[in-house]
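Protein chains get the first letters and strands the later ones, always in sequence-line order, with residue 1 at the start of each.
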2 protein chains.
Amino acid sequence: MKYMPKPKINSRSLLDEHPYLRQTLDLIADKWVVAVLYVLSHSTKRYGELQREIGNISQRMLTRTLRDLERNGLIERKVYPVVPPMVEYSLTPLGLTLNRVLKSMCDWSTENFQQVEIARDEYDKVNPPI
Amino acid sequence: MKYMPKPKINSRSLLDEHPYLRQTLDLIADKWVVAVLYVLSHSTKRYGELQREIGNISQRMLTRTLRDLERNGLIERKVYPVVPPMVEYSLTPLGLTLNRVLKSMCDWSTENFQQVEIARDEYDKVNPPI
DNA sequence: TTTCATACACACATTTGGGTATGTATAGCA
DNA sequence: TGCTATACATACCCAAATGTGTGTATGAAA
């Protein structure tokens, strides 16, 4: 067969047609970020509650993720001056606008993830892992 | 103010109410994965086209991401036996089911990302970076 | 015969992610 | 006089993620 190059029209970046998409990916295309937002989408939570409900997140990652989300205006942090300390986290109105995205992701997981497992098994049968 | 602990009912993991959500996050809550899926959601693309349209992805990451997506059954890889090589990538029917999620993310970015920038500036004004 | 094009693989270096361990402050309880 | 509970901060360290640079195969065009 002969080499037939394809004309390189339309080689401008699709991602840049939506100028904020790239930055949005940097923002929320992250495992811990989605997990935290998802839990908070149900109700206000304290730090320890978040940690328990996410289950396998370390303090460090939880703290960092919460700080980032606060900085980006997606969650609010409310500190009560008590001893021992008490801090409550909740979604801001801006954070609430992400619920659509979270829900569609969640729905997809229940509807389609099993097919992913099937595909994996098949792939590994053909391309056996080393 | 006195310390008033909150009763710890309902401390079972919310994330585990949707048993596949956690694994779905491991799968698609990733910058490069979303970028590749997004570009492929428009049409079949060759390797080089993907690289150009994503813009700042290295070969290594593009190749790895494509392999992962293929293994998970989300994209198809079609090799043409020509010289120099030609490979086409496209979404599988399963991959197509992610379009809802991709679209909601994309919509969110255009509708709300500017508020994120505002929140950041404000946060940095109050908590000046070191 | 030299260069180019394409889609990688692979080795190496570096950056980042993320775990663990420890510190802080203080009221209340034993 | 400790010890506990809470929500972190901070520092240290290892492992994983990712970038960079180079190599490969082979026909065609210059």
Could you pull out every donor-acceptor pair under 3.5 Å between side chains of residues 93-101 of chain A and any protein atom, sequence neighbours left out?
{"from": "A:T97", "atom 1": "OG1", "to": "A:L94", "atom 2": "O", "distance (Å)": "2.4"}
{"from": "A:T97", "atom 1": "OG1", "to": "B:W108", "atom 2": "NE1", "distance (Å)": "2.8"}

Quickly work out the A:K78 NZ to D:dA7 P distance and round it to whole Å.
16 Å
Pairs in or reaching into residues 29-41 of chain A: which pass salt bridge (Lys or Arg N to Asp or Glu O under 4.0 Å), with residues at least two apart or in two chains?
A:K31-B:D26
Measure the spacing between CD of A:E53 and CG of B:L15 and express it to the nearest 0.5 Å.
8.0 Å
Validation: residues 60-69 of chain B side-chain donor-acceptor distances under 3.5 Å, sequence neighbours left out:
{"from": "B:T63", "atom 1": "OG1", "to": "B:Y47", "atom 2": "OH", "distance (Å)": "3.0"}
{"from": "B:T63", "atom 1": "OG1", "to": "B:Q59", "atom 2": "O", "distance (Å)": "3.0"}
{"from": "B:T65", "atom 1": "OG1", "to": "B:M61", "atom 2": "O", "distance (Å)": "2.6"}

Measure from CD on A:Q51 to P on C:dG19 and round the result to the nearest Å.
11 Å
Whole Å only: how far is the CH2 atom of A:W32 from the P atom of D:dA16?
15 Å
Rounded distance (Å) that lies between atom P of C:dT15 and atom CG of B:N56
18 Å
Check the distance between C:dT16's C1' and A:D68's CG and give it to me in whole angstrom.
13 Å
How far does CE of A:M105 sit from CG of B:L102, to the nearest 0.5 angstrom?
9.0 Å
List, with names and distances, any nitrogen or oxygen atoms from the protein found under 3.5 Å away from nitrogen or oxygen atoms belonging to nucleotides 7-10 of chain C.
{"from": "C:dA7", "atom 1": "OP1", "to": "B:R46", "atom 2": "NE", "distance (Å)": "2.8"}
{"from": "C:dA7", "atom 1": "OP1", "to": "B:R46", "atom 2": "NH2", "distance (Å)": "2.8"}
{"from": "C:dA7", "atom 1": "OP2", "to": "B:G48", "atom 2": "N", "distance (Å)": "3.1"}
{"from": "C:dC8", "atom 1": "OP1", "to": "B:R67", "atom 2": "NH2", "distance (Å)": "2.9"}
{"from": "C:dC8", "atom 1": "OP1", "to": "B:R77", "atom 2": "NH2", "distance (Å)": "2.5"}
{"from": "C:dC8", "atom 1": "OP2", "to": "B:Y89", "atom 2": "OH", "distance (Å)": "2.4"}
{"from": "C:dC8", "atom 1": "N4", "to": "B:Q59", "atom 2": "OE1", "distance (Å)": "3.1"}
{"from": "C:dC8", "atom 1": "N4", "to": "B:Q59", "atom 2": "NE2", "distance (Å)": "3.4"}
{"from": "C:dA9", "atom 1": "OP1", "to": "B:R67", "atom 2": "NH1", "distance (Å)": "2.7"}
{"from": "C:dA9", "atom 1": "N6", "to": "B:Q59", "atom 2": "OE1", "distance (Å)": "3.1"}

Take the protein atom CE of A:M61 and the nucleotide atom P of D:dA17, then report the distance between them rounded to whole Å.
14 Å
Please give, in whole Å, the distance from C:dT6 C1' to B:K45 NZ?
17 Å
Output the rounded distance in Å from CG (B:D26) to P (C:dG18).
11 Å
Qualifying residue, where the test is side chain to side chain donor-acceptor pair (under 3.5 Å) with A:Y89 and the options are A:K45, A:R77, A:K78:
A:R77
Name all residues meeting the ring pair (Phe, Tyr, Trp, His ring centres under 6.0 Å) criterion together with B:H18; count only those two or more places apart in sequence or in a different chain, and write none if there are none.
none
Does this structure show an ion pair linking B:D107 with B:K103, if we count only N-O contacts that are shorter than 4.0 Å?
yes
Angle between the end axes of the helix from C:dT1-D:dA30 to C:dA30-D:dT1, five pairs per end, to the nearest 10 degrees?
30°
What's the spacing between A:T24 OG1 and A:Y20 OH if we round to 0.5 Å?
9.5 Å
